[in-house]
Visitor: 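Sharing a structure below in structure tokens format, with a few things to ask.
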Amino acid sequence: MRKKIVLIDGHSILNRAFFGLPDLTNAEGLHTNAVYGFLNILFKVLEEEQPEYLTVAFDVHAPTFRHKMYDAYKGTRKPMAEELRQQVPLIKQVLEAMGIKIMEKEGYEADDILGTIATTAQEEGLEVSVISGDRDLLQLADEHIQIRIPKTKMTGTEIENYYAKDVVARYQVSPKEFIDVKALQGDTADNIPGVPGIGEKTATNLIVQYGSIENAYEHVEELKPPRASKNLKEFWQQAVLSKDLATIRTRADISYDLKEAKLGELYTQEAYALFQRLEFKNLLNRFDDSAKVVTKHECVLIQNKDEAAAILAKAKEATKDDLLAFYIVQEEQQVLGVAIAYAKDQMFFLQAQEVGQMSFFDDDARADALELLNQLKQVIASAAKVSAFHLKEAVKMMQLRYQPKYFDPEIAEYLCNPLKKSYPYEDIASQTGLGMLPTKNETLGKTSDAKALKEDTGHYMTYLGNLLYTTYACVSVYEEKLKKEKMQKLFEEMEMPLVFTLASMEKWGIKVKAEELKAYSQQLSEKIAVLEKEIYAIAGEEFNINSPKQLGVILFEKMQLPNAKKTKTGYSTAADVLEKLAKDYPVVSKVLDYRQLTKLKSTYADGLATCIASDGRIHTTFQQTVTATGRLSSTEPNLQNIPVRIELGRLIRKVFVPEDGYVFVDADYSQIELRVLAHMSGDENLIEAYKSAQDIHTATASKVFHIPMEEVTPQIRRNAKAVNFGIVYGISSFGLSQDLSITRQEAQEYIKQYFETYPKIKTFLDGLVEDAVNTRMAITMYGRKRPVPELSSGNYMQRQFGERIAMNSPIQGTAADIIKIAMIRVDQRLKKEKLQSRLLLQVHDELLIEAKQEELEQVKQILSEEMEHAAELSVKLEIDMHSGNNWYEAK
DNA sequence: CATATCACG
DNA sequence: ACGTACGTGATATGC
């Protein structure tokens, strides 16, 4: 039995995998599909062959890839897709981590390396398998050299196998003759000229008959067809050159030590860590426990009160001039305990007294938890620096006041990488070089915290240890990182103080009239029932109007309505499609009304009702680490999308009311994004338009369409307004034409006129794109960054999208920065001036304050001062402000 | 769990 | 020849 060696054509297999799989990315935004596909092919081959030796060969330079199957017809080489290029170093890293031999040598193509090793290995008595997606390698097939070509199919990976005899069976020629066929036929993708007029058929026939180009040349007068005879004579030198180009070297001057190719343990710790980072979850099952445990951090469980007190005292002493890290473990309003660290190896979990299982509210337990938090608060108060996981929650629970010493790891990581879906501690640990830690899920499985703590205490202490260690040890790393990225001020002076402002807003919540909400819901129900009946009557049957699928069938099949537009899954029934049909088909306008009403009922009337807490108020959560641009978001419930544009929806704002003795004051910035644009671009015309206190959309209309201000009709003003919006979004003629229902040409003309009116805006936006292409970042006035990986995509659409992001993010982000500053200052001033009025909500460019009746004037003063002077721009920041006895009135 | 739709800035 | 406006979150449906 011969020993086996497997040789892999690295770039070729990577390429195959890349085109065979949909795009995959990990949390860092790295593209991983090619690496993943490569590994799947690798593991499949290894399982089938059980080889002794393995080597992967790469070309040293791979600036281009031969897309034979994809664009051979163009006879060109495309530059390698960026998404694929990124994965070349990655696969090498993976292979190294698994201890797999990589061969590459300057001056040689991977083919030559494979050819040489394969030939030598066969001579030395090995059985050889060469894995490649490239049929050129078939010339290497021999008695003991098998060429294997994987095909990614729907059903998985299938592999075509060729020994020498299989090549003859399939192509009529031997592997050696295969070279001659190619020499005649040529290969545009490989820059092999071949002989003109000879294609695959003729080439094969000639070589079947004569065995080689040399022999064919000797009989050149007899060749058929005559064209072949004539051209081979004429292009003989070119044929000889082609043969040379097509020949894979089998005696390349490479030093190759078979011992280095011997397969060892593939499933190493390094490989495990890398697979984790790349999020190859399926492949992680292949590892056993020895690979998984890299570092272990444990919390020491403290249940005894005296011991807890001793530890808190020690922590207090140790952190007087030093860092304290903590995390409050809670579940459903119940504090289970407090994890604290006062050094990297001094981590404890102080368990709160258990709440009795029988009684839902256990006053003793509650008092105990409060006492624990109170003690923690004192340690926090005296600590020099404090890092807390979920800082905002802690601020709410212990009513902490802002001091510059606080640190929130999730927010630090968010500033460094704002595109991630979430910020779990293990990502923070890996990003700050603290190692690959097991996730909460991996340590505990899917159970509740309370259950895990009780029934799996050991693992729970490991989970907390990992979380807390990360919270403690990441601080110094991020401080350096933020300094280096010039985001230190942004973090310390904007995001951290904001945590405290948001905590206060969430804690206050907003009062909602539950009964009125219910009445509103019932009102809607009645109207919905009427519409429902009418729609069924017209349709002639009952169906689920809320199902786009069923609705599409009814409208576009049964009722044969025109202009059916398709989505992936069926007909589009989106509002913009239906609106075009509404005036001709009453049923469509009823459907639109129905949609509106059911939306109001389910999301707002009924949805909000379930969110009213026992204090009669709704406490939203403001997310500080979600958006790519630096805006906030609001969840459970979302109070940033309460209806306002349509009257019936707007009415719902009447249920949001101030407490007795208070009024609402609502202030919103007037076109803050356009003003930011005017400032950042420095366009004199736009700045001047604002300085002369004109209505900006009318002024734009007048200038862009060359008509006097007085003659700007509402319609023309609307168009100008759409253009202004478009500019902020990163304008495209298509988008604008859609929005205004005009042709692309007209939209293009509007844009052209706009840029002629405000020339510096064009320069500015082009500059933003150029900078983003160079730095791969969009950046705000305050230094907030957003990576724009779309700009390096191989896909034109994606790159186009990247350009719009590059234009929009600095504008939207700067506006978001400014209102954050305003929020902090308004909040801090209300507190400093010892007012009872409080900030409740932020809706991107709007703040809502619940003002004590007697403080109304003072509050208005504070709002206008702090909002208008949050940033000093070359145009004034103006606000609109209203007060009222509910949100409807105040807006 | 993904998709379509629609509410907001 | 393509097929897009920027940023979010909640709900209902249907696989």
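Labels below follow one simple rule: chain letters A, B, ... track the order of the sequence lines, proteins then strands, and each chain is numbered from 1.
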Visitor: Would you mind classifying the nucleic acid contact of A/N641 as base, sugar-phosphate or nothing, using non-hydrogen atoms under 4.0 angstrom?
Guide: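 The answer is base, as A/N641 lies within the cut-off (heavy atoms under 4.0 Å) of a base atom.
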
Visitor: Return the value, rounded to whole Å, for the distance between atom CE of A/M797 and atom C1' of C/dA1.
Guide: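 Whole-Å distance recorded here is 12 Å.
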
Visitor: Using a cut-off of strictly less than 4.0 Å, decide whether A/S547 has a side-chain nitrogen or oxygen near OP1 or OP2 of C/dG14.
Guide: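 For C/dG14, OP1/OP2 do have a side-chain N/O of A/S547 under 4.0 Å.
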
Visitor: With rounding to the closest Å, how many angstrom separate the P atoms on C/dG3 and B/dC6?
Guide: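 Roughly 23 Å separates the two P atoms.
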
Visitor: Phosphate oxygens OP1/OP2 of B/dG9: is one of them under 4.0 Å from a side-chain N or O of A/Q671?
Guide: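 For A/Q671, the contact criterion (side-chain N or O under 4.0 Å from OP1 or OP2 of B/dG9) is not met.
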
Visitor: Once you apply a heavy-atom cut-off of 4.0 Å, does A/Q596 come out as touching a base, just sugar-phosphate, or nothing?
Guide: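 Touches sugar-phosphate only.
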
Visitor: Using atom C1' in both nucleotides, what's the gap between C/dC2 and B/dT5 to the nearest angstrom?
Guide: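 Going atom to atom, C1' in each nucleotide, I get 26 Å.
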
Visitor: Is there a side-chain polar atom (N or O) of A/N544 under 4.0 Å from OP1 or OP2 of C/dT13?
Guide: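 A/N544 to C/dT13 OP1/OP2: side-chain N or O found under 4.0 Å.
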
Visitor: Between A/Y690 and A/K876, is there a cation-pi geometry (under 6.0 Å to ring centre, at most 45° from the normal)?
Guide: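 No; the conditions do not both hold, so A/K876 does not lie above the ring face of A/Y690.
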
Visitor: Respond yes when some side-chain nitrogen or oxygen of A/K601 is under 4.0 Å from OP1 or OP2 of C/dT11, and no when none is.
Guide: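 Answer is no, no contact under 4.0 Å.
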
Visitor: May I ask you to say what A/Q812 touches in the nucleic acid, namely base, sugar-phosphate or nothing, with a heavy-atom cut-off under 4.0 Å?
Guide: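 Here A/Q812 touches the bases of the nucleic acid.
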
Visitor: Expressed in angstrom and rounded to an integer, what is the separation of A/D845 atom CG from C/dT8 atom P?
Guide: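 A/D845 atom CG is separated from C/dT8 atom P by 16 Å.
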
Visitor: With a non-hydrogen cut-off below 4.0 angstrom, is A/R645 in contact with a base, only sugar-phosphate, or nothing?
Guide: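 Here A/R645 touches the bases of the nucleic acid.
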
Visitor: Should A/Y571 and A/L555 count as side-chain neighbours, where that means a heavy-atom distance under 4.5 Å?
Guide: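 No, every pair of side-chain atoms sits at 4.5 Å or beyond.
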
Visitor: Looking at every heavy atom in both A/C611 and A/I618, which two are closest together, and how far apart are they?
Guide: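 Heavy atoms of A/C611 and A/I618 come nearest at O-CG1, 3.8 Å.
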
Visitor: Examine B/dA4: is either OP1 or OP2 under 4.0 Å from a nitrogen or oxygen in the side chain of A/T569? Give yes or no.
Guide: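 For B/dA4, OP1/OP2 do have a side-chain N/O of A/T569 under 4.0 Å.
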
Visitor: Identify whether any heavy atom of A/S634 sits under 4.0 Å from a base atom; if not, whether one sits that close to sugar-phosphate; answer base, sugar-phosphate or nothing.
Guide: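 Sugar-phosphate contact only.
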
Visitor: May I ask you to verify if any side-chain N or O of A/R650 is less than 4.0 angstrom from the OP1 or OP2 atom of B/dA7?
Guide: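 Checking A/R650 against B/dA7: no side-chain N or O falls below 4.0 Å of OP1 or OP2.
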
Visitor: Looking only at non-hydrogen atoms, find the nearest pair between A/G509 and A/L840 and report the distance.
Guide: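 So the two residues come closest at O-CD2, 3.5 Å.
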
Visitor: When you measure from the side-chain N and O atoms of A/T573 to the phosphate of B/dT5, is any distance below 4.0 Å, counting only OP1 and OP2?
Guide: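 For B/dT5, OP1 or OP2 has a side-chain N or O of A/T573 closer than 4.0 Å.
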
Visitor: Should the pair A/R653-A/E889 be classified as a salt bridge under the 4.0 Å nitrogen-to-oxygen rule?
Guide: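 A/E889 and A/R653: not salt-bridged.
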
Visitor: Between C/dG7 atom P and A/F725 atom CZ, what is the distance in whole Å?
Guide: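 In whole Å, C/dG7 P and A/F725 CZ are 15 Å from each other.
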
Visitor: Quickly work out the A/D576 CG to B/dA4 P distance and round it to whole Å.
Guide: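 So the two atoms are 14 Å apart, to the nearest Å.
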
Visitor: Regarding A/S732, tell me which of base, sugar-phosphate or nothing describes its non-hydrogen contacts under 4.0 Å with the strands shown.
Guide: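 Base, at least one base heavy atom under 4.0 Å.
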
Visitor: NA contact type, A/A575, heavy-atom cut-off 4.0 Å: base, sugar-phosphate, or nothing?
Guide: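 Sugar-phosphate only.
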
Visitor: Rounded off to whole Å, could you give me the CG-to-C1' distance for the A/L419 and C/dC6 pair?
Guide: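 Nearest whole value for this atom pair: 14 Å.
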
Visitor: Establish, with yes or no, whether the OP1 or OP2 oxygen of C/dG9 is under 4.0 angstrom from a side-chain nitrogen or oxygen of A/S633.
Guide: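 For C/dG9, OP1 or OP2 has a side-chain N or O of A/S633 closer than 4.0 Å.
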
Visitor: Tell me whether A/K392 is salt-bridged to A/E506, with the criterion being a basic N under 4.0 Å from an acidic carboxylate O.
Guide: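 Salt bridge flag = yes for A/E506 with A/K392.
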
Visitor: Output yes when at least one side-chain N/O atom of A/R804 is less than 4.0 Å from OP1 or OP2 of C/dC6, else no.
Guide: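 It does, given that an N or O in the side chain of A/R804 lies less than 4.0 Å from OP1 or OP2 of C/dC6.
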
Visitor: Just call it for A/V843: base, sugar-phosphate, or nothing, with non-hydrogen atoms closer than 4.0 Å on any strand.
Guide: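 Answer is sugar-phosphate: A/V843 comes under 4.0 Å of backbone atoms only.
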
Visitor: Measure the distance from CD1 on A/I642 to P on C/dG9 and round it to the nearest whole Å.
Guide: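 So the two atoms are 14 Å apart, to the nearest Å.
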
Visitor: Which part of the nucleic acid, if any, lies within contact of A/A722, taking any heavy atom under 4.0 Å across all strands shown: a base, the sugar-phosphate backbone alone, or nothing?
Guide: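 Base contact.
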
Visitor: Mind checking A/Q550 for me? I need base, sugar-phosphate or nothing, with any heavy atom below 4.0 Å counting as a touch.
Guide: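 Answer is sugar-phosphate: A/Q550 comes under 4.0 Å of backbone atoms only.
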
Visitor: Over 60° means perpendicular and under 30° means parallel, so classify the ring planes of A/F705 and A/Y750, tilted if in between.
Guide: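 A/Y750 vs A/F705 ring planes: perpendicular.
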
Visitor: Contact class for A/E636 vs. all strands (heavy atom < 4.0 Å): base, sugar-phosphate, or nothing?
Guide: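 Sugar-phosphate contact only.
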
Visitor: Once you apply the 3.5 Å cut-off to both distances, tell me the Watson-Crick or G-U wobble partner of C/dG7, or none.
Guide: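 Because both required distances fall under 3.5 Å, C/dG7 counts as paired with B/dC8.
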
Visitor: C/dG7 C1' sits how many Å from A/K421 NZ, rounded?
Guide: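 After rounding, the reported distance stands at 14 Å.
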
Visitor: Does A/R786 place a side-chain N or O at less than 4.0 Å from the phosphate oxygens OP1/OP2 of C/dG7?
Guide: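 Yes, such a contact exists.
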
Visitor: Pick base, sugar-phosphate or nothing for A/F734, based on heavy-atom distances below 4.0 Å to the nucleic acid.
Guide: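 If one applies the 4.0 Å heavy-atom cut-off, A/F734 turns out to touch a base.
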
Visitor: For C/dG9, does OP1 or OP2 lie under 4.0 Å from any side-chain N or O of A/T635?
Guide: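 For C/dG9, OP1/OP2 do not have a side-chain N/O of A/T635 under 4.0 Å.
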
Visitor: Just the rounded figure in Å: distance from P of C/dG3 to NZ of A/K566.
Guide: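 Rounded to the whole Å, the gap is 17 Å.
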
Visitor: What nucleic acid atoms does A/A628 come within less than 4.0 Å of, heavy atoms only: base, sugar-phosphate, or nothing?
Guide: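 Answer is sugar-phosphate: A/A628 comes under 4.0 Å of backbone atoms only.
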
Visitor: Take atom NZ in A/K762; do more than 12 heavy atoms of anything else shown fall under 6.0 Å from it?
Guide: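 No - once you tally the heavy atoms of other residues, nucleotides and ligands closer than 6.0 Å, there are 12 at most.
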
Visitor: Using atom C1' in both nucleotides, what's the gap between C/dA5 and B/dA2 to the nearest angstrom?
Guide: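 Looking at atom C1' only, C/dA5 and B/dA2 are 24 Å apart.
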
Visitor: Give A/G730 one of three labels, base, sugar-phosphate or nothing, depending on what nucleic acid heavy atoms sit under 4.0 Å from its own.
Guide: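 Touches nothing.
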
